[in-house]
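On a predicted model such as this, the values are computed, not experimentally measured, just so you know. First listed ligand is number 1; within each ligand, the first listed atom is number 1. Note that these values count all heavy atoms, side chains included, but never hydrogens, waters or copies made by symmetry.
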Amino acid sequence: MDLQQAIAERRSVKKFKRDMHIDDKALYEAIEKAADAPNHGMREPWRLVHVSKDRLGDMSEDISKFAFPNELDKQQSHYDAVTKLGGMLLLIMKTDPRQKQNRENYFAFGAYAQNLMLLLYEAGIGTCWKSPMYIFDPKVRKVLGVKNDEILAGFLYLTDLEEEMPKAPRKNKNLITEY
Ligand SMILES: Cc1cc2nc3c(=O)[nH]c(=O)nc-3n(C[C@H](O)[C@H](O)[C@H](O)COP(=O)(O)O)c2cc1C
């Protein structure tokens, strides 16, 4: 697939109403290839945890009791949505106590994530990066094994590409000004 085409046509897939399956081998290949992302100091500040399809229900139960305490309906709808996915990735970034290096890590992580989403799109795997408030919850972080010097950047939902993927229009106003 042409790079320009992948950039233009990749969309966040947000419908998880039907049971979806993905090719885990293609997923693992994309995870490795995406690591060609630029990262200053070659710190490679990314780490991924793969929640395979058969573990999605367990993972939902593990986090839901902290993410949605006493909200049984939300726990159930989270379970129903994520168990239909083809899998999920926990997106984890290594922080750095130095301000400059920490900022570089955030940028490098974004570059890695875009590489990954484009490569997965090329491989026929749809994605949506989810960053709900509970990614900051210490109990959610703990149950997911996120270390003290890491941030949980979100969840990458993995789906197939059969759903309609309407393009969210970009404003692209004042993108360029002359020096
Ligand atoms: C860092 C980041 C966090 C995001 N968090 C969410 C989220 O919590 N929920 C969601 O539905 N989409 C989330 N998205 C997806 C964006 O909303 C999506 O990219 C945007 O709607 C544009 O759509 P497109 O990816 O189809 O072009 C996130 C994207 C990024 C890059």
Below 3.5 Å only, please: the N or O atoms of ligand 1 paired with protein N or O atoms, distance on each line.
unit_1: ligand 1; atom_1: 5 (N); unit_2: Trp129; atom_2: O; d: 3.0
unit_1: ligand 1; atom_1: 5 (N); unit_2: Ser131; atom_2: N; d: 3.4
unit_1: ligand 1; atom_1: 5 (N); unit_2: Ser131; atom_2: OG; d: 2.9
unit_1: ligand 1; atom_1: 8 (O); unit_2: Ser131; atom_2: N; d: 2.8
unit_1: ligand 1; atom_1: 8 (O); unit_2: Ser131; atom_2: OG; d: 3.4
unit_1: ligand 1; atom_1: 11 (O); unit_2: Lys14; atom_2: NZ; d: 3.0
unit_1: ligand 1; atom_1: 11 (O); unit_2: Lys130; atom_2: NZ; d: 2.9
unit_1: ligand 1; atom_1: 12 (N); unit_2: Lys14; atom_2: NZ; d: 3.0
unit_1: ligand 1; atom_1: 14 (N); unit_2: Trp129; atom_2: O; d: 3.0
unit_1: ligand 1; atom_1: 17 (O); unit_2: Lys14; atom_2: NZ; d: 3.3
unit_1: ligand 1; atom_1: 19 (O); unit_2: Ser12; atom_2: OG; d: 3.2
unit_1: ligand 1; atom_1: 25 (O); unit_2: Arg10; atom_2: NH1; d: 3.0
unit_1: ligand 1; atom_1: 25 (O); unit_2: Arg10; atom_2: NH2; d: 3.2
unit_1: ligand 1; atom_1: 25 (O); unit_2: Ser12; atom_2: N; d: 3.2
unit_1: ligand 1; atom_1: 25 (O); unit_2: Ser12; atom_2: OG; d: 2.5
unit_1: ligand 1; atom_1: 26 (O); unit_2: Arg11; atom_2: NE; d: 3.2
unit_1: ligand 1; atom_1: 26 (O); unit_2: Ser12; atom_2: N; d: 2.6
unit_1: ligand 1; atom_1: 27 (O); unit_2: Arg11; atom_2: NE; d: 3.1
unit_1: ligand 1; atom_1: 27 (O); unit_2: Arg11; atom_2: NH2; d: 2.9
unit_1: ligand 1; atom_1: 27 (O); unit_2: Arg170; atom_2: NH1; d: 3.0
unit_1: ligand 1; atom_1: 27 (O); unit_2: Arg170; atom_2: NH2; d: 2.9

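Of all heavy-atom pairs between Arg141 and Leu152, the closest is NH1-N, 3.9 Å. When all heavy atoms are compared, the tightest approach of Lys17 to Met20 is N-CE, 4.4 Å.
When ring centroids are compared, Phe16 and Tyr157 come within the 6.0 Å threshold.
Remark: Glu61 does not engage Lys65 in a salt bridge, criterion side-chain N to carboxylate O under 4.0 Å.
Grouped by direct or indirect side-chain proximity (heavy atoms under 4.5 Å, Ile/Leu/Val/Met/Phe/Trp/Tyr only), Ile125 sits with Ile22, Leu27, Tyr28, Ile31, Trp46, Leu48, Leu89, Leu91, Met93, Tyr106, Phe109, Tyr112, Leu116, Met117, Leu120, Trp129, Ile151, Leu156, Leu158.
Side-chain polar atoms of Gln76 and Asp80 form a donor-acceptor pair below 3.5 angstrom.
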